Amino acid sequence: MPALSTRIISFVLRKTGLFRKMFAGGPGMAVFIAKAAATPSAPSAKLQQSHAISHTSFDGCTVWEFAPKTKAPTATVLYWHGGGYVYPAADAHWAFMAHMAETHGWRIVAPLYPLAPAHDVAGTTGFALSFYKDFLVKQAGAPFLMAGDSAGAGLTAATVIAARDAGLALPAKLILICPWLNADPSHPDQPKIEKRDAILTIAGIRDAGQMYAGAAGAEDPRVSPIHADWSGLPPILSFGGGSDILVVDARALKAKLPSVDYQEMDGMIHDWPIFTFPESRQAQARMAAFAAA
């Protein structure tokens, strides 16, 4: 059972709908998306002052970098943020990256990739692969990991599969946090889970998936990587939460690829490993150990 503090916060999020309203689907969700698109996404000034954070640009998109302040990096992580392919990185993402850099010594490179509805899957995955190629050159062959949460985990999967198919060097390991791997939310377990989900709704992820897929359709493996060939990929650490409608995707990946190191926690909400719950800090330590092994 989750810690009491975790249960209280999850209950409050469910009751207030703080995040669910952003993923409720329909015209209201379109208003939230437009507002988010008009607001620059960046770590807070306070976070930038207290941590080693910098930024560059690639193909018109900002790329943020987090580094440990007082020690050499223990790992370099190319990180793709979540947000349903329609929202930019949120405060929780920046706080997670800062924590992983400061506490676990990660150097994190996090591109703010093109989002739907202004861009569809072809534009986003094309950007991701182009950035990946550029990143490889700058890495000069040094080992690195690729990771992401939610939609960012789906983009991580789509990118590493495209890199494999292009004959490029692959990351040493992958970390998929509450991955969104199927844009068609038609699993029979999802309506039951939705009642407990504090962040996502079925209508919301269906609408976001359609915006992102465009003419390609939800079955396209770039949109729904669960339909892709996962052979020949690096070792994978994955997380799922029992109160997250996307847990069915994480379970489907484990069934498809039994070698995945998968941790699911009952009662945990979507993206719980990036938050500050006691269980989140344990998951983050597990990520660091996986990266270092």
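As the structure is a prediction and not an experimental result, all values here were calculated from the model.
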**Asked** Can the ring centres of Y79 and W106 be said to be less than 6.0 Å apart?
**Response** no
**Item:** Check: F127 ring centroid to F58 ring centroid under 6.0 Å
**Value:** yes
**Item:** Stepwise salt bridge (Lys or Arg N to Asp or Glu O under 4.0 Å) check, E102 with K69
**Value:** CA-CA 7 Å; E102 191 66 21; K69 291 183 74 172; over 6 Å; no
Only distances under 3.5 Å count here; give the side-chain donor-acceptor pairs of residues 198-216 to other protein atoms, sequence neighbours excluded, each with its distance to 0.1 Å.
from, atom 1, to, atom 2, distance (Å)
T201, OG1, F23, O, 2.5
T201, OG1, G204, N, 2.9
D207, OD2, G26, N, 2.7

**Request:** Take atom CG of D91 as the centre, draw a 6.0 Å sphere, and report whether it contains more than 12 heavy atoms from other residues, nucleotides or ligands.
**Result:** no
**Prompt:** Got more than 12 heavy atoms from elsewhere within 6.0 Å of NZ, K46?
**Reply:** no
Going hydrophobic residue to hydrophobic residue with side-chain gaps under 4.5 angstrom, can you get from [X] over to [Y]?
X   : Y    : result
L13 : I8   : no
V31 : M22  : no
V12 : F275 : no

**Request:** Let me know which of I177, I236, L174 forms a side-chain contact (heavy atoms from CB on, under 4.5 Å) with T156.
**Result:** L174
**Request:** Go through the steps to decide whether V109 and V77 satisfy the test side-chain contact (heavy atoms from CB on, under 4.5 Å), and finish with yes or no.
**Result:** CA-CA 6 Å; V109 178; V77 181; over 6 Å; no
Would you check if [X] and [Y] make a side-chain contact, meaning some heavy-atom pair closer than 4.5 Å?
X    : Y    : value
H51  : M97  : no
P235 : S259 : no
P111 : W80  : yes
L78  : L145 : no

**Request:** Please step through salt bridge (Lys or Arg N to Asp or Glu O under 4.0 Å) for the pair D261 and R286, ending with a clear verdict.
**Result:** CA-CA 11 Å; D261 182 356; R286 182 168 179 175; 2.6 Å; yes
Distance alone, cut at 3.5 Å: any donor-acceptor contact between the side chains of [X] and [Y]?
X    : Y    : answer
Q263 : S238 : no
E65  : H55  : no
D149 : H81  : no
T74  : H104 : no

**Request:** Give the C-alpha distance, both sets of side-chain angles, the deciding distance and a yes or no for side-chain contact (heavy atoms from CB on, under 4.5 Å) between L168 and L136.
**Result:** CA-CA 9 Å; L168 300 174; L136 282 180; 4.0 Å; yes
**Prompt:** Roughly how far, to the nearest 0.5 Å, is OH of Y87 from OG of S150?
**Reply:** 12.5 Å
**Asked** Hey, does the Lys NZ or Arg CZ of K21 hover above the aromatic six-ring of F32, less than 6.0 Å from the centre and inside 45° of the axis?
**Response** no
**Request:** Please lay out, stage by stage, how F96 and D271 fare under the test side-chain contact (heavy atoms from CB on, under 4.5 Å).
**Result:** CA-CA 11 Å; F96 166 69; D271 256 2; over 6 Å; no
